[in-house]
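Lettering follows sequence order; numbering is per chain, from 1.
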Amino acid sequence: MSMYLLIILLPLVGALIAGLLGRRFLGNATSRLVTIICMLGALALSIQAFMQIAVGNGPTVREEIFSWIVSGNFKVSFGILIDRLTAVMLVVVNGVSTLVHIYSVGYMEEDPDHSRFFSYLSFFTFSMLMLVTGDNFLQLFFGWEGVGLASYLLIGFWFTKESACNAAIKAFLVNRVGDFGFALGIFTIYMVFGTLDYAAVFNMAAAGQYPATVDFPLWGAVPTMTLICLLLFVGAMGKSAQLGLHTWLPDAMEGPTPVSALIHAATMVTAGVFMVCRASPLFELSQTALDVVTVIGAATALFAATVGLVQNDIKRVIAYSTCSQLGYMFFAAGVSAYPAAMFHLFTHAFFKALLFLGAGAVIHAMHHEQDMRHMGGLIKKIPVTYGVMMIGTLALTGFPFLAGFYSKDAILESAFSANTMVGNLAWVMGMTAAILTTFYSFRLVFMTFHGGPPADHHARHAYDHAHEAPWSMRLPLLVLAVGSLICGVLGQGMVGDGWFKEAIFIAKGHDALAHAHHVAPWVKWSPFGMFLIGLTLAWLMYIKMPTLPHILAEHWRGLYQFLLNAWYFDKLYDRLFVRPARQIGKGLWLTGDVTIIDGFGVNGTAALVERLAMGLKRLQTGYVYHYAFAMVIGLLVLITVYA
Amino acid sequence: MPVQMPDINLVTMLPEILIAILGLVLLLMSAGQDAERGRKVNAMALAGVIAAAALTVVTANGSSFGGFFVVDPFARAMKLLMLLATGMVLYMSMEYMRDQKFDGGEYQVMTLMALLGGMIMASAGDFVVLYMGLELMSLSIYVLAAWRRDDVRSNEAGLKYFVLGSMASGFLLYGISLIYGTTGTTLFTGVATALSHGHISTATIMGVVMVLAGMSFKVAAAPFHMWAPDVYEGAPTSVTAFMAVLPKIAAFAAIFRVLLIAFPALQSHWNPLLQLLAVASLAVGAIAAIGQTNIKRMLAYSSIGHVGFILLGLTAHTGLGYQSVVAYLAIYIFMSVGAFAIILLLNKAGVGDEIEDYKGLGHKRPMLALLMALFMFSMAGIPPLAGFMGKLYVFMAAVQSGMMMLAVAGVLFSAIGAFYYLRIVKFMYFDQPAEGAFGMELDFSARAILTVTGVVMLVWGLFPGALLSWSGASVKMFQ
């Protein structure tokens with residue numbers, strides 16, 4: 001068995017052992033240990049793979065493990081493809097996952113159901129690895145659905161909590177919408193190219209071996225590549241919570257915080273970005289699709305940042321921040337700066353996981369209080385957590401020489417140098433979002449750690465007993481903090497010339513990224529200016545004049561409510577989709593199912609059979625002469641008919 | 001006119017001769033006063049069955065009495081099935097018989113005589129021999145059904161079976177006489193030759209129909225099935241188990257011989273008839289069983305349904321069809337014997353025949369309930385059990401012969417039939433047992449049979465290869 005296969009299988013082994021044997025035979029401690037050991041093994045192997053392929057310039061790994069589906073002309077094999085794109089993802093996924101496993105030992109201590117939790121975590125990691133290592137679209141889809149399932153299970157991990165169950169169902173359903181588009185995209189690829197293998201599809205696409213348009217009855221001709229890419233992107237929008245299909249992500253915060261860090265910040269939600277980068281040979285062929293990706297990405301970046309401004313739940317702020325940062329990655333991809341998107345994905349994994357785990361430490365310290373209005377002054381109680389949260393915040397907001405400084409700036413510069421209408425639009429929106437990002441990030445820090453202790457009696461009690469997290473939680477925080485400090489410097493080679501080699505294809509003329517290295521100094525330094533503006537505003541409103549936010553909220557009440565309710569997306573969807581769907585469902589249930597299908601079909605047949613049975617039973621009188629009569633009649637009938 | 005002596009070739013009849021002599025010897029033995037004679041008779045009967053089986057295997061092909069008696073691969077296969085069925089039923093009933101005071105010896109003698117009749121039917125090459133075997137078998141079973149002389153229901157069962165059976169024999173005889181009248185011979189091959197050239201009269205066809213009607217009574221195919229539920233219910237359980245297997249194999253063997261050797265020329269006439277019988281049996285078997293509360297009655301209807309499937313395979317008229325019939329018969333024997341073994345065990349422990357009596361068996365006797373569930377699932381045709389394979393091959397044969405509608409009907413009735421099989425499972429597992437129920441000791445012999453039949457259900461379901469090649473070889477001669 002190859003080392004690469006082992007990377008994928010180890011988490012699965014951990015998940016199976018903990019899941020099948022954990023509860024009854026192994027107990028909590030052993031289940032934890034087994035999954036963590038498996039994860040450490042997978043991490044070590046993926047670092048080796050990274051060293052070999054990304055650092056040591058080794059060749060791309062392509063292994064066919066076995067034929068998965070063979071049906072007529074349709075053949076899909078289960079294979080492993082590890083190029084530089086995958087190598088980056090391997091390190092991100094296994095790195096964060098291992099840290100989250102370790103962190104969870106402390107965080108979930110009071111929960112009795114460890115084996116299930118760790119089994120789900122490992123299962124998630126396995127699915128994510130399937131997603132990133134696949135060498136064809138079907139395997140990608142398999143992993144895609146697997147992470148969706150794991151996400152559902154983990155959001156609803158505390159299944160006795162109604163809000164958690166609802167959030168899990170919502171996440172699943174919203175993702176279904178995206179997956180529907182994604183599946184249609186894959187179907188279209190198969191229809192057009194006759195295969196799902198990446199290499200084959202990309203080669204044929206590059207050689208132009210596909211019909212220019214696909215005809216739809218009643219609709220007309222649609223450009224093939226645009227159709228495929230937009231359908232794939234719908235899937236990405238669902239998984240990566242882009243504007244329109246983003247509503248599940250904030251609610252997903254009902255899950256345990258380590259889950260939010262792993263799935264809803266560092267890994268799963270970036271699957272969409274990964275997929276767009278992986279399919280860059282297709283996206284590059286459709287300018288329309290690229291423009292759509294850019295606009296949706298930029299709009300999400302701005303929209304989520306505005307909503308993040310006013311949220312009071314510490315995790316929701318970070319969730320909207322994630323949504324916003326994913327928007328950045330997409331518009332980078334939209335202007336063909338895929339390496340910049342991947343670089344930001346890489347750095348974002350560090351600091352966003354750090355922020356979430358830090359928030360988890362705060363919540364842990366405050367006895368499961370998540371409302372920032374009931375926090376304050378925690379700097380004195382949990383200085384280590386404060387320190388790492390500060391590092392994460394600075395990394396996110398683009399403080400010079402930290403992670404975000406390199407990656408976010410690369411994105412903004414690319415958008416600027418794309419020199420197109422949508423590029424400029426994205427740049428303006430990205431710049432605005434950068435101010436907002438800094439503002440809400442520092443707002444979070446100030447509200448949580450600065451100022452006086454909370455006035456509320458209950459919260460005050462929690463504050464008095466606040467304590468630093470145990471070592472199992474502190475260690476991952478420290479590791480991620482170091483990562484957030486240095487990953488920008490170390491990783492900036494990624495956006496250099498052709499670092500990703502053949503893994504990412506950029507068409508001729510799409511040279512936004514190449515030009516990004518040569519922009520004017522004012523463009524280079526303007527994100528830092530945005531940082532300063534945002535920081536000043538936050539300082540003014542939450543340190544200098546703490547009454548100001550309240551006054552503003554009162555003054556612009558409508559706007560405040562609009563932002564607080566996340567632009568009323570949930571209400572809108574409720575009116576547009578949820579209620580009509582319920583009505584239709586109820587109608588189908590009562591008239592369609594109960595009356596027609598059950599009444600005439602299922603129960604009707606059963607009633608008919610029962611009546612027949614009763615009839616036959618009545619014929620069976622028990623009198624010999626009746627039986628004899630029946631025999632004679634039977635014989636006569638047979639003779640008349642056949643003789 | 002010189003009298004020609006028919007060729008007498010007694011070696012071909014060795015198994016039958018053995019059973020006949022054994023029967024007579026045991027009859028003498030059972031007249032004695034020995035208190036242990038039941039045990040001895042039983043052991044000897046079993047040993048005789050096994051020996052006859054061994055002799056059957058080694059008997060060479062051939063014929064005797066000028067073609068009256070024929071031994072060929074098909075006859076051997078059918079005789080083996082009959083010997084197997086009889087042996088299993090005798091063995092599993094040992095303790096039950098002692099308990100019911102059946103073990104004077106005469107019971108075993110009647111069983112062996114019925115077996116002898118069945119074996120003669122399987123080897124019959126002439127209508128007269130066929131009729132002789134049939135009457136020997138039937139008369140013995142009439143007696144067995146009424147064995148419990150002090151029980152009204154048992155008497156009723158025996159009498160009903162006798163009266164109606166006599167009528168069926170009447171049909172059969174009348175049919176045979178019509179055929180003799182129009183063809184001038186009773187020999188199967190002679191009839192075939194006479195029909196292959198020359199005009200086919202309405203009287204001949206009437207004869208065929210009446211012969212088939214008589215046989216249908218023996219296998220309990222609808223509309224000649226009405227005796228079955230009453231007789232199954234009234235007869236002692238060990239007799240019911242015997243009745244559910246032996247006459248069916250014998251009568252199907254005879255149907256094969258008559259239709260495929262004597263009347264191949266009339267296929268276009270009798271095939272629609274078989275199809276009608278098949279569908280009617282399927283329908284009655286599936287639907288009427290639903291209203292039953294007595295498990296033996298229910299199994300009677302269930303066996304009518306199985307007969308429908310077997311007839312369906314027969315109507316396909318291909319090698320696969322014949323093969324599926326033999327395989328289905330073999331599977332049916334094991335399913336049926338297994339299910340009756342459980343009823344027998346519970347009967348002996350004082351549990352009644354009502355389906356309600358099985359409430360909560362799964363809680364008290366998990367192994368027993370599991371086996372019962374296994375037989376029920378197998379009868380319902382649920383994979384990976386043997387019953388599924390049987391149905392699968394029948395359907396395959398039907399579809400291959402273009403009888404799509406019949407196959408669809410078979411599937412539909414199979415689905416309806418699943419209801420009452422599953423109802424037993426529901427009673428066993430989802431209902432609470434009555435106070436102190438099922439606290440009995442289990443007989444060794446019945447348990448041994450249960451183990452064997454249960455294993456066979458799984459083995460033939462998962463690895464049907466051996467069964468299929470055996471059944472395929474046994475019907476090769478009809479193609």
* Asked: What closest approach, in Å, do V609(A) and I287(B) show between heavy atoms, and which atom pair accounts for it?
  -> O-CG2, 3.7 Å

* **Heavy-atom closest contact (A613(A) atom, G291(B) atom, distance)** => CB-N, 4.1 Å

Flag the one option from [options] with the top tally of heavy-atom pairs under 4.5 Å to chain A.
options: P223(B), A288(B), A283(B); result: A288(B)
options: L164(B), L277(B), V284(B); result: L164(B)
options: L159(B), I416(B), D230(B); result: D230(B)
options: E156(B), M167(B), M210(B); result: M167(B)

Would you say [atom1] of [X] has more than 12 non-hydrogen atoms from neighbouring residues, nucleotides or ligands within 6.0 angstrom?
X: F256(B); atom1: CZ; answer: yes
X: M191(A); atom1: CE; answer: yes
X: E135(B); atom1: CD; answer: yes
X: Y152(A); atom1: OH; answer: no
X: F66(A); atom1: CZ; answer: yes
X: R176(A); atom1: CZ; answer: yes
X: R23(A); atom1: CZ; answer: no
X: Y190(A); atom1: OH; answer: yes

* To do: Would you give the length of the straight line joining atom CG of L276(B) to atom CG of L638(A), rounded to the nearest 0.5 angstrom?
  => 6.0 Å

* **Spatial distance of atom OG1 (T621(A)) from atom CE (M226(B)) [nearest 0.5 Å]** => 6.5 Å

* Asked: Would you say the side-chain atoms of K617(A) pair up with the backbone N or O of I290(B), donor to acceptor, closer than 3.5 Å?
  -> no

* Asked: Do the non-hydrogen side-chain atoms of Y174(B) and L635(A) ever get within less than 4.5 Å of each other?
  -> no

* Indicate yes or no: at least one non-hydrogen side-chain atom of Q620(A) is less than 4.5 angstrom from one of R297(B). => yes

* Name the region of M631(A), side chain, backbone, both or neither, that has any atom closer than 4.5 Å to a heavy atom of chain B. => both

* **Segment of I633(A) engaging chain B (4.5 angstrom heavy-atom cut-off)** => neither

* To do: Tell me, for A222(B) versus chain A, whether the close heavy atoms (under 4.5 Å) come from the side chain, the backbone, both or neither.
  => neither

* With only heavy atoms counted, which part of Y301(B) is less than 4.5 Å from chain A, the side chain, the backbone, both or neither? -> side chain

